[in-house]
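In this text the structure is predicted, and so the values were computed from the model without any measurement. The chains referred to below are lettered A, B, ... by the order of the sequence lines, with proteins before strands, and numbering in each begins at 1.
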Amino acid sequence: MKAFVSQALQGALQQLHAQGSIPGIPATLELDRPKQVEHGHLASNVALLLAKAVGRKPRDIANDIVAALPASEWIARTEIAGPGFINFFLQPAAFHAVIHRVRTEKERFGANRNGAGQRLQLEFVSANPTGPLHVGHGRGAAYGASLANILRFNGFDIFCEYYVNDAGRQMDILAASVYLRYLEAAGALPWAFPENSYRGDYVREIAAHLREQVGDRLQHAAAGLPNLPEMSDGDIAIDTLIAHLKQSLGENYRTLHSAGLDEILADIRDDLEDFDVRYERWYSERSLMDTGAVDAAVAALEKAGHCYTLEGALWFRATAFDDDKDRVLRRDNGAYTYFASDVAYHAEKFARGFTHVIDMWGADHHGYVPRVKAALRALGLDDQQLEVVLVQFAILYRGTEKVSMSTRAGEFVTLRELREEVGNDAARFFYVLRRADQHLDFDLELAKKHSEENPVFYIQYAHARVYSLLRQAAEKGLSLPSADGVDLTILQESREIALADALWRFPEVVVTAARDREPHQIAFYLRELAAAFHTYYNSTRILVEETPLRHARLTLCLAVAQAIANGLRLLGVRAPEQM
RNA sequence: GCGCCUGUAGCUCAACCGGAUAGAGCAACGGCCUUCUAAGCCGUAGGUUACAGGUUCGAUUCCUGUCAGGCGCACCA
């Protein structure tokens, strides 16, 4: 419909251009919905843009443009308003066409092929597998999964990936923590559990499972165990413990390490699966080490002459590529930094042929963006193809009190707990109700309280009401509209036009939500569509005796239900037929 | 100190990558159920868009500065 008007406008402009009255057609020409209905269904600012170049008043130019518009069955009339806007008022037939389109396209209504041929990689969550996902990770999960759905609806080929940090020191700390709990369970822990290890209950469970698996076979490493509480520096204490375990357990250290990693990763997978968040691939950091990809990436940087050695460490000259300071790739102890494997990972993403790569990181990683981009450029890659979306933190509150979310202390609220408390639908919806760059205050008390008067129910209710109408019609023995042969031209009431107008916006919102990486646009749109429906429902009786009118109105309602279902599906929220 | 994000109604947030009179939800107040689900609808009230400049036909949006909040500035991940 918009394309139709746009075509007519372009035609008029081309005609004026051919006549020499305007120098060209502005590229920034807008054809948008005015905020107020009095300003028409569509409005263009083109005359305002041309005024300066032509040297005439905008309103005069607008007059010429309107005069040059071809006659049309869908444009009822035009109006020149304000400083020189051209307002278009459409015929009801244009809106009837939208309803027809929804019924034809069904679950594909709103979809487009804008992204056809583009392979896009989306990495999100990628939380360290050192514990269950907490509510902060939930935001990234909901956001990423929704964005993936929206991009797919726009025709992009999307590949979702979770980067598993299974190689770092944090994993060793987890292994050590599991071991201490393992000893504790056997009554063989000589002192109290240390502060800076992972202390959540899940560590006890992993230790218990390990014990079932290996019995007391690993207990021998307790001999010569360094006295952690006596050591003043906690980090050194942990590292000493890890070194001791690696040495005395030998091959069995791998068993210990895997016990934690496997169980937690399985838990994370289940959790996300239940949350309807799915990945094409879980990418192991360790695999980058094992295949030599990290060696290769670092070697490539060295070969390109962007590295130097200082005090035993290998540095990348990131400052040559606009970063604040140079970065260490390999420590003086010979171990690679996290940064080194991340360079390898990103180089590998590009090597796999994605046309565009989107990373979704927590906002606390923002300082990390310049150095990754610097490394990509140093490797001769186009850093423009890497887009980093920073998702601000979700700060947990219980009433007015901030809730600590230290994973080590085990005091956090897990994503699973949140889902069980407010439900998947509400959680998915709430998480994407704000832009990514907005801080999200997640008040647990409020989330619970809202579970009954939640905006998501408002939208679901609109959907369910339509199906309720169908059930009512069946009970009363009233016939339902068939797929075709419904005369929509009877729909002339302003609220019916307004409702169809709201429907027509869905395809546009799908485009801008993808373009701006903003799933919240879908959520806000759905609330407006639901509001338009509730208004209509309250003002107009749908199940009237006159069959043609009833069929036309039900067709409109079914179109609304279809659009709501399509929108909710993009956000991972169910569209129930009954509440 | 440097960098990134943010500042809009009492609260939580929108505002279509510069457009016309800045909009919703919640909270407050007043109405609507003998008829399709009141988990709903209708209405009232609420604003110097943090502040000061600048850019232009036009600024919540872009630029500069100030103030305030969050985050980051590791041979951690």
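- A39(B) and A45(B) have their C1' atoms separated by 26 Å, with the value rounded to a whole Å.
- Separating the C1' atom of G30(B) from that of A68(B) is a span of 39 Å, rounded to the nearest Å.
- In the set A77(B), C16(B), C41(B), the nucleotide with an atom closest to the side chain of Y458(A) is C41(B).
- Among the heavy atoms of the strands lying under 4.0 Å from H534(A) are primed sugar atoms or P, OP1, OP2 only; no base atom is included.
- The side chain of Y537(A) contributes no N or O atom lying less than 4.0 Å from OP1 or OP2 of C42(B).
- In summary, R371(A) and D322(A) do not engage in a salt bridge, as defined by a charged side-chain N under 4.0 Å from a carboxylate O.
- At the phosphate of C36(B), neither OP1 nor OP2 sits under 4.0 Å from any side-chain N or O atom of R550(A).
- Between Y308(A) and W315(A), the two ring planes are parallel [angle under 30°; tilted spans 30° to 60°].
- Rounded to whole angstrom, the span from the NE2 atom of H134(A) across to the C1' atom of A77(B) amounts to 13 Å.
- Nucleic acid contact class of A43(A) (heavy atoms, under 4.0 Å, all strands): base.
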Run the side-chain hydrogen bond (donor to acceptor under 3.5 Å, both in side chains) check on Y336(A) and D295(A) step by step: do they pass? CA-CA 9 Å; Y336(A) 284 119; D295(A) 293 325; 2.5 Å; yes

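- Counting distance only, with no hydrogens placed and no angle test, the side-chain atoms of H365(A) and the base atoms of A77(B) include a donor-acceptor pair under 3.5 Å.
- Spacing between C26(B) and A9(B) at atom C1', rounded to whole Å, works out to 12 Å.
- Nearer to the 5' terminus of RNA chain B, by closest-nucleotide assignment, is the contact made by S468(A) (compared with the other of S468(A) and R495(A)).
- S284(A) contributes a side-chain N or O that, together with a main-chain N or O of S287(A), makes up a donor-acceptor pair within less than 3.5 Å.
- At whole-Å resolution of the value, CZ in F88(A) and P in A20(B) are 18 Å apart.
- Look at C73(B): its glycosidic torsion is beyond 90° from 0, and that puts it in the anti range.
- Across all strands, T512(A) comes closer than 4.0 Å only to sugar-phosphate atoms, never to a base (heavy-atom distances).
- Here F85(A) lies parallel enough and close enough to stack on the base of A20(B), with planes under 30° and ring centres under 5.5 Å apart.
- Contact annotation for T540(A): base contact, defined as any heavy-atom pair under 4.0 Å involving a base atom.
- The separation of G23(B) from C62(B), taken at their C1' atoms, amounts to 23 Å, rounded to a whole angstrom.
- In this structure, R465(A) reaches the sugar-phosphate backbone alone: every heavy-atom distance under 4.0 Å involves primed, P, OP1 or OP2 atoms, never a base.
- In the set A24(B), C75(B), C5(B), C5(B) carries the atom at the smallest distance from any side-chain atom of D437(A).
- For D332(A), whose side chain is taken as the heavy atoms from C-beta onward, the closest listed nucleotide among C75(B), U35(B), A15(B) is C75(B).
- For G53(B) and G47(B), the P atoms lie 22 Å apart once the distance is rounded to whole Å.
- Here the side chain of L48(A) is nearest to one of G19(B), G25(B), A20(B), namely G19(B).
- Among the protein residues, A81(A) comes within range of the nucleic acid bases, having at least one heavy atom under 4.0 Å from a base atom.
- Closest approach to the P83(A) side chain among A14(B), G19(B), A24(B) is made by G19(B) (side chain taken as heavy atoms from C-beta onward).
- The side chain of W315(A) lies closest to C75(B), out of C75(B), C36(B), A39(B).
- The existence of a salt bridge linking R435(A) and D516(A) is excluded, since no basic side-chain nitrogen approaches an acidic carboxylate oxygen closer than 4.0 Å.
- Spacing between C73(B) and U61(B) at atom C1', rounded to whole Å, works out to 30 Å.
- Within the nucleic acid shown, N165(A) comes within 4.0 Å of sugar-phosphate atoms alone, with no base atom in reach, counting heavy atoms only.
- Here D342(A) contributes atom CG and Y368(A) contributes atom OH; the two are 4.5 Å apart, rounded to the nearest 0.5 Å.
- Residue H520(A) places no side-chain N or O under 4.0 Å from the OP1 or OP2 atom of C16(B).
- Here N45(A) lies in heavy-atom contact (under 4.0 Å) with a base.
- Across all strands shown, E528(A) has no heavy atoms under 4.0 Å from either base or sugar-phosphate atoms.
- Using Watson-Crick or G-U wobble geometry with both donor-acceptor distances under 3.5 Å, A68(B) finds its partner in U6(B).
- Take the nearest nucleotide of RNA chain B for A313(A) and for E30(A): the residue whose nucleotide is more 5' is E30(A).
- In this structure, F524(A) and H520(A) have perpendicular ring planes: the angle between them is above 60°, well past the 30° mark.
- Annotation: C71(B) and A52(B) have their C1' atoms spaced 27 Å apart (nearest Å).
- One finds a side-chain N or O of Q438(A) lying less than 4.0 angstrom from the OP1 or OP2 phosphate oxygen of A14(B).
- Of the P atoms belonging to C4(B) and G65(B), the separation is 11 Å, rounded to the nearest Å.
- One finds a salt bridge joining K349(A) and E123(A) here, because a Lys/Arg side-chain nitrogen approaches an Asp/Glu carboxylate oxygen to under 4.0 Å.
- Remark: P of A14(B) and CZ of F429(A) are 13 Å apart, rounded to the nearest angstrom.
- In the interface, the side chain of N87(A) is paired with the base of A20(B) through a donor and an acceptor atom under 3.5 Å apart.
- A sub-4.0 Å separation between OP1 or OP2 of C42(B) and a side-chain N or O of T535(A) is present.
- Side chain of T337(A), nearest nucleotide from C36(B), G25(B), A77(B): A77(B).
- Using a 4.0 Å heavy-atom distance criterion, Y338(A) is classed as a base contact.
- At the heavy-atom level, R33(A) lies under 4.0 Å from base atoms of the strands shown.
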What verdict does the salt bridge (charged side-chain N to carboxylate O under 4.0 Å, His left out) test give for E577(A) and R471(A), after you've listed the backbone C-alpha separation in whole Å, the side-chain angles of each residue and the deciding distance to 0.1 Å? CA-CA 10 Å; E577(A) 295 186 0; R471(A) 288 189 295 271; 5.3 Å; no

